[in-house]
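Numbering of ligands and ligand atoms starts at 1, following listing order. What you see is a predicted model, and the numbers here were worked out from it, not measured in a lab. Computation of the quantities below employed the complete heavy-atom set of this structure, encompassing side-chain atoms and omitting hydrogens, waters and symmetry-equivalent molecules. Quick note: residue numbers are just sequence positions, from 1.
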Amino acid sequence: MTTTFLLLLLCSFIKSSASKRTNQDHLPRGSSLSIDENSQLLTSSDNTFTCGFYSFQTNAHWFAIWFTNSKDRTVVWTANRNTPVNGHGSKVTFQRDGAMVLTDVNGMVVWQTNTTSTDVNRAVLLNTGNLVLKNRKGQILWQSFDYPTDTLLPSQTLTKSKSLISASRKGSFQSGYFSLNYNSNNVLTLSYDGPEISSVYWPSPNPSFSVWDYGRTSYNSSRIAVFDGMGVFISSDRWRFSASDMGFGIKRRLTMDYDGNLRVYSLNESSGLWLITWQAIAQPCNVHGICGRNGICTHGEKLECSCPPGYEWSDPTDLTQGCMPPFNKTCGNSTSFGFLELPHTDYYGFDLNFSSPISFEACRDLCLEDCSCEAYNYRLTGEGFCFTKSALFNGYRYPYFPAVTIYLKVPKGMETQEPASILTTSLDACSDVTVMVGSPSMYESSARKVKWVYLYSFAIAIGVVEVLIIVLGWWLFYGRNALLVSLEDGYRMISSQFRGFSYQELTKATQNFKVEIGRGGSGAVYKGILEDERVVAVKRLGDVTGGGEFWAEVSTIGQINHMNLVRMWGFCLEKKHRLIVYEYVENLSLDKRLFSSSFLQWKERFKVAIGIAKGLAYLHHECLEWVIHCDVKPENILLDHAFEPKIADFGLAKLFERGGQNSEFTRVRGTKGYMAPEWAHNLPITAKVDVYSYGVVVLEMARGIRLSSMIVHDGEEEESELMRFIKVTKTMIQKENTLWIEDIIDPRLEGLFSRQQAAKLVEIGLSCVENDRNKRPTMDSIVQVLIDCEFE
Ligand SMILES: *[C@@H]1O[C@H](CO)[C@@H](O)[C@H](O)[C@H]1NC(C)=O
Ligand SMILES: *[C@@H]1O[C@H](CO)[C@@H](O)[C@H](O)[C@H]1NC(C)=O
Ligand SMILES: *[C@@H]1O[C@H](CO)[C@@H](O)[C@H](O)[C@H]1NC(C)=O
Ligand SMILES: *[C@@H]1O[C@H](CO)[C@@H](O)[C@H](O)[C@H]1NC(C)=O
Ligand SMILES: *[C@@H]1O[C@H](CO)[C@@H](O)[C@H](O)[C@H]1NC(C)=O
Ligand SMILES: *[C@@H]1O[C@H](CO)[C@@H](O)[C@H](O)[C@H]1NC(C)=O
């Protein structure tokens with residue numbers, strides 16, 4: 001025993017002298033680390049981690065573990081997070097009684113381990129970054145992994161009653177208000193737990209989604225999650241994701257960041273900089289509490305907080321403290337109050353009451369008369385909905401979508417404030433972080449550094465710039481045979497039967513590719529019948545690169561599961577054959593149901609418009625796996641027997657774009673007439689290209705003809721039908737000709753359609769085909785608006 005120990009000692013001695021370090025990887029019982037002698041550090045045997053005193057400010061020190069070779073010595077654990085110790089005289093003593101104790105200069109015990117009177121004999125900093133106290137037998141009696149701060153390291157588990165808690169601000173170690181932990185429903189959540197409010201913001205609290213819609217379960221009470229060495233995170237609630245650079249040999253950390261987002265960082269060991277290889281929240285404004293009370297988070301180029309006109313920052317150095325109104329809340333004579341109108345703005349939660357149907361004036365009076373009402377939000381979608389609010393938190397503004405307006409209750413006189421005086425300040429952006437939310441191939445080839453600010457603008461533009469599929473994780477874990485249908489929102493989880501097929505199997509199923517049912521840019525599609533009698537559509541892909549990548553992409557796409565997306569059952573990868581097996585959708589594609597005599601009636605059209613929007617919104621926002629379709633057109637919308645639309649061919653764009661010089665689009669994808677102007681102008685491709693195409697499709701559904709085709713003027717000049725339609729419609733709307741809608745909608749419907757729905761659809765279509773992509777709404781917001789007028 002002793003010999004081994006001596007050997008170990010000798011080894012580490014040799015190792016450390018070789019690297020000219022006097023650091024050790026362990027501390028024997030009875031010794032101490034003091035703050036005054038800088039050299040006193042523990043270093044893991046592979047030198048990845050260092051443990052010792054970390055100074056952030058001259059007189060504030062932490063006993064901490066950090067990455068030795070990251071540029072800013074990134075701290076992953078601190079013993080005395082909220083109680084820093086003095087710069088002189090503080091020390092960590094591994095006492096003879098077995099406890100490891102941190103004392104401040106005055107001898108005060110700031111922190112200690114629970115190993116008093118045990119046979120513990122040394123403290124070792126392992127290569128995993130875990131500081132452990134062991135006895136002679138090698139048993140671990142205490143470990144820092146049991147007390148996470150804001151970071152989870154590979155092999156560290158997150159269990160019941162443990163949380164990752166964010167730092168209060170950048171560069172600080174003090175606990176902030178955001179945390180990752182299991183809630184009482186056994187679901188891993190991100191929440192804001194501030195001094196005034198608490199609120200879960202991830203999984204998204206949207207009432208129309210349940211945990212099942214996020215691929216989670218609330219029935220596994222083991223509440224354990226682990227982040228492994230490959231970069232894969234697995235939680236007992238079936239939530240699972242992987243870093244975009246998945247694989248061994250990369251140093252990573254999962255950190256609950258001070259801005260409320262949960263991110264995986266991978267270390268670039270040559271530069272010492274961190275790359276973001278996964279993050280939970282695409283749109284920073286979806287984090288709750290970020291701008292404090294009354295504050296408004298703006299979806300824009302950067303993450304910005306602002307105050308309503310006339311309000312002031314409570315603490316201009318800390319925007320999370322929110323905004324103060326220039327009046328004291330009084331609750332007297334209702335005639336002394338008015339309302340300040342903030343367009344495009346809403347505050348999430350804290351509804352006092354919800355009333356419908358109700359008129360605007362009645363809603364206003366409800367708020368005036370209710371002492372505790374601070375604001376109201378009125379939506380006129382059909383009957384009129386009134387939401388009165390008791391507190392204003394989680395404010396956000398969508399500058400480009402007109403659907404929501406909040407009215408703040410203010411003393412008379414204030415309501416005339418100029419809206420232009422909105423005070424906006426960006427949150428501190430950490431420009432030393434490189435963002436790499438992309439595929440492994442991008443990791444190697446694209447050396448571009450994207451700054452944080454860029455991340456935000458990109459996240460706001462719905463996440464994806466130049467990347468089609470951002471590997472955010474996937475669900476491999478759908479219950480094997482569970483069949484769960486949530487009828488209300490159209491989301492469905494079925495057993496994952498995604499698998500590989502042999503070429504022979506598919507040849508047999510399609511009777512040697514006999515019945516061709518379609519052909520597109522990406523390849524021909526054949527009808528087939530599997531041995532289990534499932535009818536399938538088999539797509540033969542042409543020019544696709546790399547087997548391993550093909551497998552990775554396809555299996556990722558294969559996990560995407562939504563009733564408005566054509567399900568992928570499996571694939572075949574054999575020699576040069578690349579085939580994808582899809583569910584077979586019975587009815588015809590939308591173009592055949594729109595531009596022919598067997599056209600759809602209004603009710604079906606509207607349903608199809610909602611369905612497509614839901615499918616795309618799922619791809620863009622909800623599927624934890626941002627996918628841009630790039631080729632939305634009526635031919636790619638299949639209809640099932642109940643005219644429920646299913647979007648085909650999503651996620652394939654990526655397969656075809658691989659292997660180029662860089663990972664940007666090397667070739668324009670899409671179909672003329674449905675393609676956003678970005679393609680022509682060589683601008684970054686974002687999810688907004690799909691929004692554009694969606695706009696063309698809904699306008700075509702409203703009008704009942706192909707708008708995407710070109711018409712020729714005076715022999716030469718080419719103008720698209722679409723441009724002309726937009727011009728005409730806009731003129732009619734401007735003239736406030738209330739009958740415009742009658743002239744716009746497909747005459748074949750003979751007036752049998754809902755005016756409100758039609759007007760809404762045309763309005764959405766027009767906003768989607770704006771040339772400036774920032775003016776286009778997001779698919780999320782479109783779904784909301786359409787659902788609001790679904791039953792009219
Ligand atoms: C110290 O506390 C941890 C976590 O609460 C526990 O797992 C461990 O057994 C304790 N160690 C001793 C020696 O009591
Ligand atoms: C619960 O989750 C754990 C950890 O992921 C897993 O090992 C276990 O099998 C799960 N239990 C059930 C009943 O699914
Ligand atoms: C890592 O950093 C080096 C040096 O700055 C750089 O050349 C390399 O491209 C970086 N690697 C990645 C994957 O970003
Ligand atoms: C609000 O009340 C405080 C004390 O109650 C007072 O000092 C302050 O001036 C008041 N502010 C306004 C805007 O009336
Ligand atoms: C409210 O104020 C108005 C004028 O300021 C006054 O006429 C009215 O009587 C007041 N009402 C109450 C209930 O105090
Ligand atoms: C909410 O509003 C309804 C009318 O819309 C009213 O009947 C009800 O009393 C209100 N509830 C509360 C708690 O104010």
For atom 9 (O) of ligand 1, closest protein heavy-atom neighbour: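 Checking every protein heavy atom, the shortest distance to atom 9 (O) of ligand 1 gives Leu141 O, 4.6 Å.
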May I ask you to identify the nearest protein heavy atom to atom 7 (O) of ligand 1, giving residue, atom name and distance to one decimal place in Å?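 For atom 7 (O) of ligand 1, the nearest protein heavy atom comes out as Asp146 OD2, 4.2 Å.
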Given the ring of Trp274, does Arg253 sit roughly above its face, with NZ or CZ under 6.0 Å from the centre of the six-membered ring and within 45° of the axis? yes
May I ask you to check if ligand 1 and Asn114 share an N or O to N or O distance below 3.5 Å? yes
Trp142 versus ligand 1: do any nitrogen or oxygen atoms come within less than 3.5 Å of each other?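 No, no N or O pair falls under 3.5 Å.
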Looking only at side-chain N and O atoms, does Asn130 offer a donor or acceptor that is under 3.5 Å from a partner on Ser144? yes
Reference residue Tyr54; test ring-ring contact (aromatic ring centres under 6.0 Å, His included); the match among Trp66, Trp62, Trp77: Trp66
For atom 14 (O) of ligand 2, which candidate among Asn220, Asp237, Val226, Ile224 provides the closest heavy atom? Asn220
Numbered atoms of ligand 3 (with element) below 4.0 Å of [X], judged on heavy atoms:
X: Asn268; answer: 1 (C), 2 (O), 3 (C), 8 (C), 10 (C), 11 (N), 12 (C), 14 (O)
X: Ser270; answer: 1 (C), 2 (O), 3 (C), 4 (C)
X: Ser271; answer: 1 (C), 2 (O), 4 (C), 5 (O)

For Phe173, is there any backbone N or O sitting under 3.5 Å from a side-chain donor or acceptor partner on Arg81?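 Pair found, side chain donor or acceptor close to backbone of Phe173.
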Using modelled atom types and a 3.5 Å cut-off, is there a donor and acceptor pairing between side-chain atoms of Asn183 and backbone atoms of Asn186? yes
Return yes when at least one protein heavy atom is under 4.0 Å from atom 5 (O) of ligand 1, and no when none is. yes
Minimum heavy-atom distance Trp202-Arg216, with the two atoms named: CH2-NH2, 3.1 Å
So, is Ser235 polar-close to ligand 2, with some N/O to N/O distance under 3.5 Å?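 Among all N and O atoms of Ser235, none is under 3.5 Å from an N or O of ligand 2.
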Spatial distance of atom OH (Tyr201) from atom CD1 (Ile281) [nearest 0.5 Å]: 6.0 Å
Relative to each other, are the rings of Tyr177 and Tyr192 parallel, tilted or perpendicular (30° and 60° limits)? perpendicular
Between Ser222 and ligand 2, which part of the residue brings a heavy atom under 4.0 Å of the ligand: side chain, backbone, both or neither?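 Ser222 to ligand 2: side-chain contact only, backbone stays beyond 4.0 Å.
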